[in-house]
Amino acid sequence: MQFDSLTFLVFFATVLVGTNVLRAWDARKNFLLAASYAFYMGWNPPFVLLLIASTTFDWWIARRIAATPAGGTRKAWIAATLVANLLVLGYFKYSDFILANLAALLGKVGVAYRPPELGIVLPIGISFYTFHSLSYCLDVYRGRFAPTTNWRDYALYVAFFPQLVAGPIVRWTQMREQIETPRGTTAAGLGLGLTLLTLGLFEKTVLADGVFAPVADAAFDHAGEVGVVTAWSGTVAFTGQIFCDFAGYSTCALGTAVAFGFVLPVNFRNPYAALGFSDFWRRWHVSLSSWLRDYLYVALGGNRGGAWRTYRNLMLTMLIGGLWHGAAWTFVAWGGLHGLYLAGERFIRERFWREREADATLRALYGLVTLLAVMFAWIWFRARSFADGAAIARALVPHGSSVTTMPDFAQGLALACFTALVLTHALGRDLEPKAWFARLPAPLLGLLLAAMLVLIALSPGDTHAFIYFQF
């Protein structure tokens with residue numbers, strides 16, 4: 001059940017009416033939890049049992065952690081939830097990857113091994129709800145809050161349907177008060193929610209699927225045959241597609257949640273206007289980057305222990321972040337590139353940049369370099385293999401008659417839309433969508449939303465599943 005489907009709109013309207021018909025807050029929460037499980041069952045019903053089991057286990061473990069004095073037993077409880085969650089995630093997401101690499105490694109030493117066909121189906125959203133649960137248990141272990149004794153409230157925190165399958169990755173501290181305090185639909189909340197939902201659907205169906213995806217697919221599905229124009233337009237198009245697809249989902253999630261009276265954290269803050277790579281990761285997939293910082297980078301030692309340990313920790317964090325996205329070495333390469341970017345930036349900023357930071361020309365150049373480097377890294381995120389990624393990267397360099405080749409209409413449209421996207425990020429660098437809407441006169445906002453709805457309705461219908469559903 002995707003946000004850009006008629007089924008979801010019927011589901012959304014039904015749940016909205018249902019929650020507001022019920023008067024008691026406990027009854028509303030029960031209804032929301034049941035609706036969230038029904039939403040999840042729309043993909044593969046049996047996996048809701050895994051979600052419930054994972055939720056119950058971590059809720060119980062957190063209570064055991066809180067009830068146990070500091071010491072070995074307390075560490076054993078947190079180790080139990082870490083091992084259990086990572087084993088489940090590893091089995092479903094990485095079994096085939098591990099076996100394929102084991103077979104390749106054994107082949108290098110002359111041992112023929114053919115891994116079995118496991119036929120494992122990846123439960124949708126497992127990476128996201130696993131990180132929800134892990135953050136909760138780790139925060140209880142660190143003494144940041146006492147665990148809730150109410151299973152239903154914790155289950156609703158994990159399974160709340162707007163953010164269940166692709167985030168944002170919400171912390172218990174961001175949701176506890178909202179779950180425990182009665183709330184409901186207001187006229188202002190419903191208006192903002194529908195506005196955000198319209199914007200998110202426009203980003204997904206019109207821009208990501210209609211404008212960018214065909215151009216990106218044409219390049220990356222025939223990577224060995226592309227010329228410079230196709231390589232550049234495909235890279236630019238995927239850079240636009242991945243943002244509009246994922247930010248579109250997150251915007252729909254925020255809009256859906258606020259219609260019920262809940263506020264989810266903003267997951268994107270105009271990332272293509274970033275000045276540097278640390279700034280990019282403060283703006284891109286904010287809930288994941290902050291999770292990796294707080295629970296992985298800091299646990300590894302952070303920036304304590306000298307420069308080289310800091311560089312090591314940055315690289316390890318980004319390599320693991322890359323692997324979190326998918327069981328393929330191309331994702332590890334994408335994470336590794338960002339690890340190199342962050343380490344190199346830290347080295348340069350500490351030695352050469354501080355006294356030049358106010359120079360407007362250098363800042364603009366820095367932003368352009370950041371964007372180009374991010375685009376280059378996206379090649380490996382999208383490529384099906386290293387060979388495909390290398391072919392696209394080589395084709396970016398002009399040669400011979402390819403310099404005079406002109407983009408076709410679809411490529412030109414993608415380039416124009418991407419330019420407009422980057423300008424929008426630059427102009428609203430420190431603004432969130434809600435602030436954008438607040439600045440627009442009501443007639444202009446109405447006209448803009450009407451245009452989006454028309455374009456959504458006229459979109460060809462060749463939709464793709466949200467990219468981050470596979471993670």
Side-chain angles (χ1 to χ4, degrees), residues 2 39-58 61 79-105 113-138 158-159 163-170 242 245-246 249-250 267 285 287-289 291-292 295-296 299 316-336 338-339 378 380-386 389 464-471:
Q2 294 206 156
F39 175 83
Y40 191 75
M41 290 171 68
W43 278 279
N44 198 323
F47 282 134
V48 76
L49 299 176
L50 177 64
L51 172 60
I52 293 171
S54 173
T55 298
T56 304
F57 177 76
D58 287 321
I61 282 282
T81 190
L82 286 169
V83 170
N85 278 283
L86 295 177
L87 279 177
V88 171
L89 184 62
Y91 170 75
F92 282 104
K93 193 166 182 176
Y94 301 105
S95 292
D96 288 335
F97 176 71
I98 292 170
L99 289 176
N101 281 278
L102 176 62
L105 185 62
Y113 169 66
R114 177 176 292 180
E117 295 287 340
L118 298 178
I120 297 173
V121 177
L122 180 67
I124 193 166
I126 188 172
S127 296
F128 289 92
Y129 69 70
T130 297
F131 272 27
H132 276 89
S133 290
L134 284 178
S135 71
Y136 176 83
C137 292
L138 286 166
V158 174
Q163 49 78 38
L164 173 58
V165 295
I169 302 170
V170 185
I242 189 69
D245 189 282
F246 194 20
Y249 177 92
S250 295
N267 214 19
H285 202 348
S287 62
L288 174 65
S289 59
W291 199 102
L292 292 173
Y295 301 107
L296 183 56
L316 286 174
T317 299
M318 296 313 299
L319 287 171
I320 293 171
L323 192 59
W324 176 89
H325 281 83
W329 288 111
T330 48
F331 290 110
V332 177
W334 171 78
H338 276 281
W378 283 133
W380 309 99
F381 191 98
R382 173 61 176 82
R384 293 177 296 187
S385 66
F386 279 111
H464 299 64
F466 285 94
I467 293 172
Y468 267 69
F469 280 9
Q470 66 185 295
F471 307 139

| Thr55 vs Tyr129, side-chain contact (heavy atoms from CB on, under 4.5 Å): CA-CA, chis, key distance, verdict | CA-CA 9 Å; Thr55 298; Tyr129 69 70; 6.0 Å; no
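For Tyr94 against Ala327, the heavy-atom pair with the smallest separation is CD2-CB, 3.5 Å. Across all non-hydrogen atoms, the minimal contact from Val158 to Leu164 is O-CD1, 3.6 Å. What you find for Phe57 and Thr81 is that their closest heavy atoms are CE2-CA, 3.9 Å. Shown here for Ala166 and Phe246, the closest heavy-atom pair between the two residues is O-CE1, 3.4 Å. Closest of all the heavy-atom pairs between Thr330 and Ser385 is CG2-C, 3.8 Å.
Atom CZ in Phe131 sits 10.5 Å away from atom CG in Leu138 (nearest 0.5 Å). Rounding to the nearest 0.5 angstrom, the gap separating the CD1 atom in Ile98 from the NZ atom in Lys93 is 12.5 Å. Remark: Asp96 CG to Leu99 CG distance equals 6.5 Å, nearest 0.5 Å. Taking CD of Gln163 as the reference point, atom CD1 of Ile169 lies at 9.5 Å (rounded to 0.5 Å). Rounded to the nearest 0.5 angstrom, Leu89 CG and Thr130 OG1 are separated by 5.0 Å. In this structure, Leu296 CG and Leu316 CG are separated by 8.0 Å, a value rounded to the nearest 0.5 Å.
Classified by interplanar angle (parallel below 30°, tilted 30° to 60°, perpendicular above 60°), the ring pair Trp291/Tyr295 is tilted.
Aromatic ring centroids of Phe128 and Trp324 lie under 6.0 Å apart. Note: Phe331 and Phe97 fail the aromatic proximity criterion, with ring centroids not under 6.0 Å apart.
Val88 places none of its side-chain heavy atoms less than 4.5 Å from the side chain of Tyr91. The side-chain heavy atoms of Ile124 and Asn44, taken from C-beta on, include no pair separated by under 4.5 Å.
One N or O on the side chain of His325 and one on the backbone of Gly321 form a donor-acceptor pair closer than 3.5 Å. A donor-acceptor pair under 3.5 Å is formed between the side chain of Ser135 and the backbone N or O of His132. At distances below 3.5 Å, not a single donor-acceptor pair connects side-chain atoms of Ser54 with backbone N or O atoms of Leu50.
Every residue meeting the side chain to side chain donor-acceptor pair (under 3.5 Å) condition with Thr56, not counting sequence neighbours, appears here in chain and number order: Trp151. Among residues two or more places apart in sequence or in another chain, the side chain to side chain donor-acceptor pair (under 3.5 Å) test is passed with Tyr113 by none.
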